[in-house]
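As a basis for the values below, the full set of heavy atoms in this structure was taken, side chains included, without hydrogen atoms, waters or symmetry mates. None of these values were measured; they are calculated from a predicted model. Each ligand, and each atom within it, is numbered from 1 in the order the structure gives.
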Amino acid sequence: MSAKILVVEDEPAIAESVAYALRRDGFAVTIAQTLAEAETRREDADLVILDLMLPDGSGFEWISALRSERRDQPIIVLSSRDGEADRVAALETGADDYVTKPFSPREIVARVRAVLRRTVASVAPSASAGAPTVELDEKARRAWVGETALELTRVEFDLLATLLGGPERVHTRADLIDRVWGDGFAITDRTIDSHVKALRRKLAEAGADPSTIETVRGVGYRLGPGSNGSGA
Ligand code: CA
């Protein structure tokens, strides 16, 4: 079954070129030119490609509204702005990926595939590791240490989900970038390390075993020896 993609873009030439590339690759595509139209068509979309500046409002606000209703369709933002601040803001608001105009239709198709792969791979209802148990619910995007709920950012949640999803193995930084940010993102090792550091601090504050996330020097990260996670 082919995934259904909703393209929200008011510039017809861009919308058509994106739709053409996706259809050629086997996706079913619907186009909306306004947020109002998008609102009526989003229900059965598997993924949304969203322009940030639309005639009836800002894509940023729509993402916030969707996320506050716990709509978890993946969203890839299209924008003519290329500032790091906008990219970070889009991701913090809840977008899954960000593509700056001008882009090649092939790039969009690759991003769509990467985001779908990541979200489809993360449908496991829960996973656990460490003592007390670190648990997460992928669908609800919530995580706990024992009974304590964690307040995680999107990136921290995805890092934890990735580590719990492959408890036996070492995750290289390149692998984590691919899983958490998507192919082709220019994320430095130091950026990953600082997200992992923040995640470790939150785990420790909630009472998790400090060795829940182990550093593998020069390579990346894996779940620690205290882990009892199955990733199931
Ligand atoms: Ca626009």
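Of all non-hydrogen atoms in Leu35 and Ser58, the two that sit nearest each other are CD1-O, 3.8 Å.
Side chains of Asp193 and Tyr221: a donor-acceptor N/O pair is present below 3.5 angstrom, by distance only. Arg200 and Thr215 share a side-chain donor-acceptor pair at under 3.5 Å.
For residue Asp51, an N/O/S atom approaches the Ca ion (ligand 1) to within less than 3.0 Å. The Ca ion (ligand 1) has no N, O or S atom of Glu9 inside 3.0 Å of it.
With respect to Glu11 and Lys101, a salt bridge is recorded, a charged nitrogen being found less than 4.0 Å from a carboxylate O.
Asp10 contributes OD1 as its N, O or S atom closest to the Ca ion (ligand 1).
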